[in-house]
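Just below is one structure, and these are the notes that go with it.
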Number of protein chains: 2
Amino acid sequence: MSIEAPAARATTTESLLGLLSLGPLSGYEIRQLIDESIGNFWTESFGQIYPTLKRMAADGLVSVEETPDGKRRKKTYSLTDPGRERLREWLAMPVSVQVPRNELLLKLFFGNRGERSEMQRLVETRRDLLTARLARLRAIEQQITADHAGHPALPFWLMTVRYGTAETTALLGWCKDCLTTFKEMS
Amino acid sequence: MSIEAPAARATTTESLLGLLSLGPLSGYEIRQLIDESIGNFWTESFGQIYPTLKRMAADGLVSVEETPDGKRRKKTYSLTDPGRERLREWLAMPVSVQVPRNELLLKLFFGNRGERSEMQRLVETRRDLLTARLARLRAIEQQITADHAGHPALPFWLMTVRYGTAETTALLGWCKDCLTTFKEMS
DNA sequence: TAGCACATGTAATAAGTTACATGATTTT
DNA sequence: AAAATCATGTAACTTATTACATGTGCTA
């Protein structure tokens with residue numbers, strides 16, 4: 001009868017609720033969908049997805065439909081009303097912020113303990129990575145704008161892409177400043 | 001005699017090596033120093049620091065000096081030559097990058113499942129947080145520039161601070177764009 | 001003398017990745 | 001016939017946080 005408060009939950013459950021709000025999905029399909037949608041700022045592994053879906057079904061947040069289409073076995077999960085309610089509740093809750101660990105900055109902070117050329121190489125590598133990322137994000141923005149014109153979620157999806165472009169552009173500028181500093185140091 | 005390769009190590013060890021390269025420190029002092037130095041992009045808890053220091057001493061990366069000054073018990077750790085060598089090796093290794101989870105973007109991606117005003121409030125809260133962060137970073141930049149003028153590590157320390165200001169400034173702009181979008185939606 | 005800062009450490013818990021194990025269906 | 005893809009799930013391991021446990025010395 002009594003449901004023990006499960007203590008500060010992770011967000012894996014909520015991310016799956018969100019994805020399932022787009023339509024019924026299997027665990028395998030969820031994994032694929034992540035790569036094509038929220039993959040630039042969120043990941044989930046199979047080791048998390050399958051056990052979490054099972055728990056969510058037990059909690060009544062999703063319903064399961066076994067699909068033995070004569071074909072492969074497959075479990076398709078759908079949001080229930082309590083699941084939709086839980087998603088809405090979570091969306092309205094404040095975002096928890098913690099310090100993200102940044103290994104590049106950690107190395108740079110101790111940069112004068114290493115070779116200057118090595119430190120410079122780390123920044124160059126990051127610059128190249130960010131350059132590729134920026135191109136990818138710009139392509140995504142073009143594509144979703146074209147593919148989902150008029151979709152009520154499009155403004156929200158664009159916000160997430162533009163977060164990436166804004167951040168990436170700024171950090172590319174930072175890389176260039178760093179490389180200038182490296183040149184001045186020698 | 002044979003040392004089993006400890007498999008892909010975490011960076012807690014390396015962060016402690018870096019901090020100890022600034023001078024001998026106890027576990028407690030390390031925690032304090034983190035708050036005053038790399039706290040904006042790196043954290044370590046006591047639960048990590050103490051066991052890791054013990055392991056590092058066993059591995060010969062640091063030496064321990066018990067300090068029963070007639071005062072409190074205290075263990076002061078110092079880098080050994082193998083520790084310094086390990087730090088240099090790590091600094092030269094490429095930075096591993098993985099997708100950082102961004103809970104704000106996760107919520108915004110599913111934003112049209114919630115109340116528009118709630119989503120807007122999430123962005124406003126983030127804007128306020130970033131505004132405070134920017135002020136803090138600017139103050140730090142002023143202070144370390146004044147306090148450590150001429151210090152060989154200063155250019156590196158400034159790089160880490162400017163990473164923060166560049167990122168924060170860009171994301172503040174993004175917040176404003178989002179809030180404009182929210183206004184246009186209503 | 002009460003409370004705070006100093007100081008070290010362990011245990012419980014949480015969260016997540018990777019590798020393993022299994023097997024069906026489709027494509028080359 | 002082999003390889004790739006679809007599909008589900010578990011086990012082992014790693015990493016980290018939080019809470020707990022303990023005790024000293026200084027200051028209000």
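Quick note on labels: first sequence line is chain A, next is B, and so on, each numbered from 1.
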Taking Glu124(B) first and then Lys176(B), would you say they form a salt bridge - that is, a charged N and a carboxylate O separated by under 4.0 Å? no
Give a yes/no answer on whether the side chain of Gln32(A) brings an N or O atom under 4.0 Å of OP1 or OP2 in dA7(D). no
Whether Glu36(B) and Arg31(B) form a salt bridge (side-chain N of Lys/Arg under 4.0 Å from carboxylate O of Asp/Glu) is what I want to check. no
Measure CD/Glu66(A) against C1'/dT8(D) and give the value in whole Å, please. 10 Å
Expressed as a whole number of angstroms, how long is the span from Glu103(B):CD to dG16(C):P? 11 Å
Regarding the side chain of Lys75(A), the nearest nucleotide among dC6(D), dT8(D), dG25(D) is dT8(D)
Taking the basic N atoms (NZ, or NE/NH1/NH2) and the acidic carboxylate oxygens, is any pair closer than 4.0 Å for Glu85(B) and Arg88(B)? yes
Nearest whole angstrom, please: distance from the P of dG9(C) to the NZ of Lys54(B). 6 Å
So that I can tick it off, tell me whether Glu118(B) and Lys107(B) are bridged by a salt bridge, with the cut-off set at under 4.0 angstrom between side-chain N and carboxylate O. no
With sugar-phosphate meaning primed atoms plus P, OP1 and OP2, does Gln98(A) contact a base, only sugar-phosphate, or nothing at under 4.0 Å between heavy atoms? nothing
What integer distance in Å separates Tyr50(A):OH from dA11(D):P? 16 Å
Looking at Thr12(A), I'd like to know whether one of its side-chain N or O atoms comes within less than 4.0 Å of OP1 or OP2 on dG16(C). yes
Rounded to whole Å, how long is the line connecting atom CZ of Phe46(A) with atom P of dA19(C)? 14 Å
For Gly47(B), answer base if it contacts any base atom (sugar-phosphate contacts may also be present), sugar-phosphate if it contacts only those atoms, and nothing otherwise; contact means non-hydrogen atoms under 4.0 Å. base
Ignoring backbone atoms, establish whether Ser26(A) has a side-chain N or O less than 4.0 Å from OP1 or OP2 of dT8(D). yes
Given dA16(D), dA7(C), dG9(C), identify the nucleotide with an atom nearest to the side chain of Tyr77(B). dG9(C)
Mind calculating the distance between CD (Glu29(B)) and P (dT8(C)) to the nearest angstrom? 8 Å
From the list dT17(D), dG16(C), dT8(D), which nucleotide is the closest neighbour of the side chain of Arg101(B)? dG16(C)
How would you label the contact of Thr43(A) with the nucleic acid (heavy atoms, under 4.0 Å): base, sugar-phosphate, or nothing? sugar-phosphate
What is the distance from CZ of Arg73(B) to C1' of dG25(D), rounded to the nearest Å? 14 Å
Would you say the side chain of Lys74(B) lies within less than 4.5 Å of the side chain of Glu29(B), judging by non-hydrogen atoms? yes
Without decimals, in angstroms, what is the distance between Arg55(A) CZ and dG9(D) C1'? 15 Å
Between dT18(C), dT17(D), dT8(C), which nucleotide gets closest to the side-chain atoms of Tyr28(B)? dT8(C)
